[in-house]
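Data block below; observations after.
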Number of protein chains: 2
Amino acid sequence: MRYFVAVAEELHFGRAAARLHMSQPPLSRAIKQLEADTGALLLARSPTGVTLTAVGTVLLDEARALLEHADRVRARVSEAAGAAAITVGILGDGTDPGVARLAAAYRRTHPGIDIRVRDTDLTDPTCGLRAGLVDVALTRAPFDETALTVRTLRSDPVGVVLRADDPLARHDRLRLAELGHRRWFQFPQGTDPLWQSYWNGGTPREGPVVRAVQECLHAVLWNGTVGLAPLGHDLPAELAVVPLIDMAPSRVVAVWNKGDTNPLIRSFIKTATVAYRH
Amino acid sequence: MRYFVAVAEELHFGRAAARLHMSQPPLSRAIKQLEADTGALLLARSPTGVTLTAVGTVLLDEARALLEHADRVRARVSEAAGAAAITVGILGDGTDPGVARLAAAYRRTHPGIDIRVRDTDLTDPTCGLRAGLVDVALTRAPFDETALTVRTLRSDPVGVVLRADDPLARHDRLRLAELGHRRWFQFPQGTDPLWQSYWNGGTPREGPVVRAVQECLHAVLWNGTVGLAPLGHDLPAELAVVPLIDMAPSRVVAVWNKGDTNPLIRSFIKTATVAYRH
DNA sequence: TGCAACGATACCCACGAGGTATCGGCGCTG
DNA sequence: CAGCGCCGATACCTCGTGGGTATCGTTGCA
């Protein structure tokens, strides 16, 4: 019916399709189907243009009222639901382009829902999920997944971060073994072992302790240490990141507590999967 | 929303599913999805039973009103459309079980639509479609399809109709060649050549002229002629039908005039395809 | 008479709504 | 208090359809 109202108002299939953010053929089909169900021609397609038939005029009025009614229902129910809120944890500084798209999409499809964001440092890959500080975390695997549900959103190749003037920075790809003698920045003791081990390339390392992304970069810049990072992020010109060919890619994931009853999680995850799929 | 109203009224997923003619799991999922979109729990599932939450109560009222509104819109539009009608032609005496299911299904999904039926004899496989006597024909292929659109609904094996005491009737299958010396009942001159040729098994035959199903049966009973018929129909006990192994199966088809603008045709064909798919 | 516009058609792919089988949790019962 | 049964949730599969791209046919216009 939204489709029909759009076409009836534009009196032009192409423009209506644009307004509905879709292409023209499926719109034509949808209108045809509506006509088949009502049993009457709603739009007179003459080569000079599209006109409303008598029945079409009736339906236009009725459809407008009905759609308005539906919108009112939505509003009333979400009012009755109170300020529904979801807290999402984001690892690091959350400048991931996917996050921006996701936030925009979710605000659009669920207006009135209160989205709270909690930016966390790199020491807890679950962003405080277990502690109940967030409902869902946008983070990176791997980590201890007991009592959590994990959904992969994307995979990024991983590289090593070096000073731009580091001799190794001239390579266009490296192996972990070529970095064995370097100092690596380290997460503090007590962080998730799987997480810690992954970012150390699988073997224990020595180096300065970091907690946030900025600290990692500083550690590389000032201390000449190295460390791993997913590719595809903007870095200051003084730093270089060289792809590692023997490192499993880093998975961007959405995580939530198994058995969490907050109904918003379900819709949030769904929006997330499509937003990350471009 | 219909689903939600059903569950809210029954306060029992299983019973609601039965009422909606569906199974319980997809209903559970649908409600969950509604809850995800609303952002609030609508139903409190306790092991003792299902209860409406506060938000659920609000939605129940609103949903009832909205669904009622939608029904009113349907009624108003179909009233404005006037007595929309579709005339369907049926070949032979139209006792095909599929036809009954189709009629029932279409009346249910399109109440208020005037279905007129035109039973025709076997001399015109298009049931007067080209002459404009019907909008859509439920008939059997093959025939001249120029300017027609054909949609196959089902395929029936074909057999030869014989008197029960005919020596050939004792076989459980036959070949066309074994019937070469018999007289076959014939359609009148001027009927569609493809149609005529098909029911003659591909070669010209001699025999009494028939127009209706009854006449065919009488021709076999009283004149000792033979003829072809699709299997799977009830016949009087004095007649037998023996499957032919070298005869292409007979396709039950829906046909309409190419470019016909009656919008009901589309929905009728759709209902037909699902009705014939059991 | 060629061209541009526009709705219709053909074809393809991915998502989701529906199904069946099974699980898990709680209450009831012997 | 252990076992059973009820009932909603979960897992997994399949098919229909809603959306896409590419192309056609018609018609008005230059």
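Since the structure is predicted, the reported quantities are computational estimates derived from the model, not experimental observations. What you see below is based on every heavy atom in this structure, not just the backbone, and it leaves out hydrogens, waters and symmetry mates. So you know, we letter chains A, B, ... as the sequences are listed, proteins then strands, and number each from 1.
Taking side-chain N and O atoms only, A:Lys32 has a distance below 4.0 Å to OP1 or OP2 of C:dT9. Taking side-chain N and O atoms only, B:Gln24 has no distance below 4.0 Å to OP1 or OP2 of C:dG19. The phosphate of D:dT17 has neither OP1 nor OP2 within less than 4.0 Å of any side-chain N or O from A:Gln33.
Residues B:Tyr106 and B:Leu264 have side chains in contact (heavy-atom distance under 4.5 Å, counting atoms from C-beta outward).
B:Arg277 comes within 4.0 angstrom of sugar-phosphate atoms only, judged by non-hydrogen atoms across all strands, and of no base. If you check every strand for non-hydrogen atoms under 4.0 Å, B:Ser23 touches a base.
Spacing between atom CZ of B:Arg29 and atom C1' of C:dT20 amounts to 12 Å, rounded to whole angstrom units. Distance CZ (B:Arg15) to C1' (D:dC7): 11 Å, rounded to an integer number of Å.
For B:His12, whose side chain is taken as the heavy atoms from C-beta onward, the closest listed nucleotide among C:dG7, D:dC12, D:dC7 is D:dC7. Among the nucleotides D:dA9, D:dG18, C:dG18, the one closest to the side chain of B:Phe13 is D:dA9.
Counting heavy-atom neighbours within 6.0 Å of A:Arg118 CZ, excluding the residue itself, gives a total above 12.
Side-chain polar atoms of A:Arg251 and A:Ser155 form no donor-acceptor pair below 3.5 angstrom.
Here the CG atom belonging to A:Leu27 is positioned 5.0 Å from the CE atom belonging to A:Met22, to the nearest 0.5 angstrom.
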Identify each atom pair where a protein N or O and an N or O of nucleotides 25-30 of chain D are less than 3.5 Å apart, giving names and distance.
none

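Place B:Lys270 and B:Pro25 on DNA chain D by their nearest nucleotides, and B:Pro25 ends up nearer the 5' end.
Remark: B:Arg2 does not engage B:Glu9 in a salt bridge, criterion side-chain N to carboxylate O under 4.0 Å.
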